[in-house]
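Below: the structure, in structure tokens.
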Amino acid sequence: MEGNKRTMRERCTLRKDIIKEFLAEFLGTFILILFGCGSVAQTVLSRGALGEPLTIHIGFTLGVAGCHGLGMGVRGGHVNPAVSLAMVVLGKLPIRKFPLYVTAQFLGAFAGACAVFGLYYGALWITGGCSSSRRKHTPTSLPAYPAKHLSVLNGFVDQVIGAAALILCILAITDKKNTGAPKGMEPLAVGLTILAIGVSMGLNCGYPINPARDLAPRLFTAMAGWGFEVFSAGNCWFWIPVAGPLVGGVVGATIYFLLIELHHPEPQRHAQDDNNVKEKYEIVTMS
């Protein structure tokens, strides 16, 4: 039995790190959409009987904590193109890996949207969400839409600020030269950051702050029968949760680098090490 397990492990274990990272990004983003958008769908389809805004905040908080915990053993675990872009800007992710990370994130988000749709397919029929006359009211459980008071400019600023705040907190949590979070608690700390953003910045459009989290489910709803009205809704709102977080990611990374990371003290060498270097130099010169 042990021999069979060993043989299977040898045959199935992935050798290339880039494939491991791709799968971690895919599965992590899938979990994020399943828990986060699933909590939105439950609230919308039950008409508030089994959910409320706080339920949605908790769903996304635990979804983010779960997906980051899932990818802790593999480099990456970004599950957000804005995070990946910020890491590229800071030199923490090779630019050649950026397209692969983003592809995995979008595919994972699309698969997550499929899972949520399949999970609540019966509820969609019962509530009339799958009928042509009611479809336009149902997609809010997957992509985000702006509130009536929100202008295009205000929405863009909303996404830039939200994503920048997310990046600032993630960098502070994961910075080894900063206090950071206790080892193993980083996913929970990042999840609580999402909770803070949700309860303080959710009024305008529901804090998507993740291009993959919004665009992939939006594309799925268009393909699932709601049509391309999901792209034209809200004065063609769809591009804002894509462009805004990417800009916010760069802004957040730049602010953290200039105001925090750049000013970390250099590690001090011990006096004993300096003496050893001096002694070796004297020995070499005397010989």
Side-chain angles (χ1 to χ4, degrees), residues 24-72 77-83 105-124 126-127 129 137-147 158-159 162-163 165-166 169-170 173 181 185-218 220-221 224 230 241 245:
E25 291 295 325
F26 173 86
L27 190 56
T29 314
F30 174 85
I31 292 297
L32 169 63
I33 300 301
L34 181 63
F35 288 175
C37 291
S39 65
V40 179
Q42 177 171 281
T43 301
V44 171
L45 295 174
S46 69
R47 294 184 172 88
L50 295 176
E52 56 182 344
L54 182 58
T55 308
I56 296 172
H57 300 331
I58 294 174
F60 274 107
T61 295
L62 297 180
V64 168
C67 68
H68 278 278
L70 188 69
M72 278 189 67
H78 300 166
V79 301
N80 186 339
V83 176
Q105 291 156 3
F106 272 91
L107 291 176
F110 190 90
C114 293
V116 173
F117 180 80
L119 182 67
Y120 286 114
Y121 185 75
L124 285 168
I126 292 174
T127 58
H137 299 294
T138 309
T140 52
S141 61
L142 289 174
Y145 291 92
D158 174 281
Q159 290 301 285
L166 173 64
C169 292
I170 288 177
I173 290 167
M185 296 297 290
E186 295 91 346
L188 179 59
V190 176
L192 291 175
T193 299
I194 295 296
L195 179 60
I197 292 173
V199 299
S200 61
M201 307 181 196
L203 175 63
N204 287 333
C205 56
Y207 62 100
I209 57 175
N210 183 336
R213 171 259 176 275
D214 190 83
L215 185 57
R218 193 178 300 274
F220 171 78
T221 56
V230 299

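Index from 1, following the sequence.
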For residues [X] and [Y], determine if any side-chain heavy atom of one lies less than 4.5 Å from a side-chain heavy atom of the other.
X: T221; Y: P143; value: yes
X: P241; Y: I209; value: no
X: I170; Y: T193; value: no
X: Q159; Y: C205; value: yes

- Note on the structure: Q105 meets the side-chain hydrogen bond (donor to acceptor under 3.5 Å, both in side chains) criterion, sequence neighbours left out, with E25, S84

Grab the two heavy atoms, one from [X] and one from [Y], that are nearest each other, plus how far apart they are.
X: A216; Y: F106; answer: CB-O, 3.5 Å
X: P245; Y: N210; answer: CG-N, 3.8 Å
X: V230; Y: R218; answer: O-NH1, 2.9 Å
X: M201; Y: A165; answer: CE-CB, 4.2 Å
X: A109; Y: A212; answer: CB-O, 3.2 Å
X: G162; Y: I197; answer: O-CD1, 3.8 Å

- Item | Criterion side-chain contact (heavy atoms from CB on, under 4.5 Å) on I173 and V190, from CA distance to verdict | CA-CA 7 Å; I173 290 167; V190 176; 4.1 Å; yes

- Task: Would you confirm whether Q42, through its side chain, and L50, through its main-chain N or O, come within 3.5 Å as a donor-acceptor pair?
- Result: yes

- Message: Any side-chain to backbone donor/acceptor pair from R213 onto T29? Under 3.5 Å, distance only.
- Response: no

Please set out all donor-acceptor pairs under 3.5 angstrom arising from side-chain atoms of residues 32-41, sequence neighbours excluded.
| residue | atom | partner | partner atom | Å |
| --- | --- | --- | --- | --- |
| S39 | OG | F35 | O | 3.4 |
| S39 | OG | G36 | O | 2.5 |

- In terms of ring plane angle, is the pair F117 and F220 parallel, tilted or perpendicular, where the classes change at 30° and 60°? perpendicular

Separation of [Y] [atom2] from [X] [atom1] (nearest 0.5 Å):
X: S46; Y: E52; atom1: OG; atom2: CD; answer: 10.5 Å
X: I194; Y: L62; atom1: CD1; atom2: CG; answer: 11.5 Å
X: C67; Y: F60; atom1: SG; atom2: CZ; answer: 11.0 Å
X: Y207; Y: D214; atom1: OH; atom2: CG; answer: 13.0 Å

- Who pairs with D158 by salt bridge (charged side-chain N to carboxylate O under 4.0 Å, His left out), at least two apart in sequence or on another chain? none

- Task: Evaluate the criterion side-chain contact (heavy atoms from CB on, under 4.5 Å) for residue pair L166 and N80; output intermediate values, then yes/no.
- Result: CA-CA 11 Å; L166 173 64; N80 186 339; 3.8 Å; yes

